[in-house]
Amino acid sequence: MVCPYSLSVPGGVQAQAMGLSRELRKMGIEVRVLAPCDGPPPATFVTPLGNSLPTSANGSMAPLAPDPSCSLRTMRALGDEQFDVLHLHEPFIPGPTQTAMLLHPAPVVATFHAAGDSASYKYLRPAIKLAANNIAYAVAVSKDAAELVQRYLGGNYDILYNGVELDAYRSSPAQPTTGPTIFFCGRHEERKGLDVLLAAMRQLGPEVRLWVGSTGPDTARLRAEFADDARIEWLGRLTDADKMARLRGADVFCAPSLHGESFGVVLIEAMAAETAIVASGLDGYRNVATNNIDADLVEPGDVDALADALRRVLFEPGLADRLQRAGSRRAEDFSMTALAQHYADHYVRLAMNRPKRDGAPGRESFWHGWRRRMMAD
């Protein structure tokens with residue numbers, strides 16, 4: 001399992017790679033995760049590939065590792081381990097996934113997460129399209145993600161929505177609260193809409209509390225701008241356990257993103273934690289939630305509409321309870337166990353049909369050719 005983003009930094013792709021790996025290991029499949037780490041690896045089955053560098057991507061700053069040292073560590077790990085299958089998350093992002101994609105020493109399963117647009121697809125399209133021929137099984141996590149990759153690379157993609165480890169969220173203890181509480185957890189940057197939520201808080205009563213999780217480039221500015229609001233608690237970067245406890249304890253989870261969301265895995269997490277949701281009505285979020293059924297969805301960037309929705313869910317009798325019950329049922333559709341079983345079936349198929357390493361018929365990969373030539377020299 002190869003992830004291009006640092007596992008030391010919370011993120012949706014990182015959570016999917018690690019959660020899927022844990023579930024597959026429960027099933028008896030030997031999984032090793034290759035990824036950058038800015039500190040100790042988060043699990044014994046992780047091979048750290050070095051530190052990350054903040055890199056602009058999809059309107060955000062992503063913790064990537066596009067440096068040569070990471071590529072060399074990736075090549076060494078691929079050579080030493082002799083994997084039967086490679087599962088690459090975002091295979092064309094510079095760093096370990098791109099390196100593994102180009103070398104392809106084993107059949108490649110590729111999962112595409114991003115939506116919107118991609119500068120690398122736009123400017124490196126010919127090379128990427130050629131490398132895409134190495135993909136044995138292609139997956140997109142949403143219709144929006146599939147549309148992006150098809151626009152530049154063509155091809156067919158199974159739509160497999162992201163999964164959530166439901167039992168972990170449902171069994172988590174709840175963080176105690178002192179009044180009606182809203183929880184936000186996302187990078188502090190323009191596209192996540194934290195500015196909008198903070199502005200909406202000014203329209204809510206003094207009894208309402210707001211937990212703000214994570215950090216980002218806008219943290220210092222926003223903390224200074226809203227320093228006089230004692231209702232807001234700035235939590236900083238959270239562990240998975242902390243995030244689950246806050247989700248369980250909050251009355252409402254708010255996801256006010258403005259753009260750039262291909263799939264609402266954070267909404268599924270809130271549903272699994274049985275917490276009512278107020279979110280932007282983005283296409284990516286509508287892949288998961290239905291307005292007035294399992295969430296209250298509002299126009300992105302509309303401060304007044306967001307404040308009204310938060311007030312409604314916090315104080316309208318019975319509404320939060322109805323959204324919670326419907327959300328809990330909806331979360332069952334996104335079980336990580338079911339997702340892992342689907343991927344496992346394809347891993348077995350690809351491993352069984354893989355050309356033997358002893359010279360049986362099959363196209364020689366760049367990696368095997370390179371190793372053969374190095375050994376000959």
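Keep in mind that this is a model prediction, so the values were computed, not measured.
Ion pairing between R22 and E165 holds under the 4.0 Å rule for side-chain N and carboxylate O. Between R311 and D308, at least one side-chain nitrogen of the basic residue sits less than 4.0 Å from a carboxylate oxygen of the acidic one, meeting the salt-bridge criterion. Look at K143 and E147 and you find no salt bridge, because none of the NZ, NE, NH1 or NH2 atoms lies under 4.0 Å from a carboxylate O. At a threshold of 4.0 Å, the pair R151-D117 counts as salt-bridged, since one of the basic side-chain nitrogens sits closer than that to a carboxylate oxygen.
Heavy-atom contacts from other residues, nucleotides or ligands closer than 6.0 Å to CG of D345 number more than 12.
Side-chain N or O atoms of E274 include none that pairs as donor or acceptor with a backbone N or O of M271 at under 3.5 Å. Not a single donor-acceptor pair under 3.5 Å links the side chain of R73 to the backbone N or O of P68. A donor-acceptor pair is defined here as one N or O able to donate and one able to accept, closer than 3.5 Å; no such pair exists between the side chain of R209 and the backbone of I232. Without hydrogens or angle criteria, S214 side chain to R237 main chain gives no donor-acceptor distance under 3.5 Å. Of the possible donor and acceptor atoms, one in the side chain of R248 sits under 3.5 Å from a partner among the backbone N and O of S172. Using a distance-only test at 3.5 Å, with no hydrogens or angles considered, no donor-acceptor pair links the side chain of T181 to the main chain of T177. With hydrogens and angles disregarded, no donor-acceptor distance shorter than 3.5 Å links the side chain of D38 to the backbone of S8. Panel note: side chain R125, backbone Y152; a donor-acceptor pair is recorded below 3.5 Å. At least one donor-acceptor pair under 3.5 Å links the side chain of Q98 to the backbone N or O of F92.
Judged purely by distance below 3.5 Å, without hydrogens or angles, the side chains of D333 and Y161 never pair a donor atom with an acceptor atom. Side chains of E23 and T337: a donor on one and an acceptor on the other come within 3.5 Å. Side-chain contact annotation: Y285 with S280, donor-acceptor N/O pair under 3.5 Å absent. A donor and an acceptor atom, one from each side chain of H188 and T215, are nowhere located under 3.5 Å apart.
Ring geometry for H342 versus H346: interplanar angle of 30 to 60°, hence tilted.
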Verdict with reasoning, F83 to L34, per side-chain contact (heavy atoms from CB on, under 4.5 Å): CA-CA 12 Å; F83 297 108; L34 310 183; 4.2 Å; yes
Chi angles and distances behind the side-chain contact (heavy atoms from CB on, under 4.5 Å) call for C185, V266: CA-CA 9 Å; C185 190; V266 292; over 6 Å; no
Step-by-step salt bridge (charged side-chain N to carboxylate O under 4.0 Å, His left out) determination, E269 to K243: CA-CA 10 Å; E269 292 169 347; K243 182 177 74 171; 3.1 Å; yes
Working for salt bridge (charged side-chain N to carboxylate O under 4.0 Å, His left out), residues D167 and R170: CA-CA 5 Å; D167 290 343; R170 289 173 175 168; 5.3 Å; no
Step-by-step side-chain contact (heavy atoms from CB on, under 4.5 Å) determination, M1 to M18: CA-CA 9 Å; M1 192 82 64; M18 291 298 293; over 6 Å; no
Verdict with supporting geometry, V141 and F112, side-chain contact (heavy atoms from CB on, under 4.5 Å): CA-CA 6 Å; V141 302; F112 296 87; over 6 Å; no
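Using a 4.5 Å heavy-atom cutoff, the side chains of C37 and V46 are in contact. By the 4.5 Å heavy-atom criterion applied to side chains, V212 and L235 are not counted as neighbours. Put simply, the side chain of I182 does not reach to within 4.5 Å of the side chain of W211, judged on heavy atoms. V196 is listed as a side-chain neighbour of L306, based on a closest heavy-atom distance under 4.5 Å. Taking the side chain as every heavy atom from C-beta outward, C70 and T74 approach each other to under 4.5 Å.
When each of L310, V252, L314 is paired with V208, the side chain to side chain contact (heavy atoms under 4.5 Å, CB included) condition holds for L314 and for no other.
When ring centroids are compared, Y343 and H87 come within the 6.0 Å threshold.
For F184 against C254, the heavy-atom pair with the smallest separation is CD1-O, 3.7 Å. Between A131 and L102 the shortest heavy-atom distance is CB-CD2, 4.0 Å.
Listed by first and then second residue, the side-chain hydrogen bond (donor to acceptor under 3.5 Å, both in side chains) pairs that reach into residues 25-36 are R32-T47, sequence neighbours excluded. Within the structure, every pair that satisfies the side-chain hydrogen bond (donor to acceptor under 3.5 Å, both in side chains) test and touches residues 194-207, not counting sequence neighbours, is listed here: D195-R221, Q203-D304.
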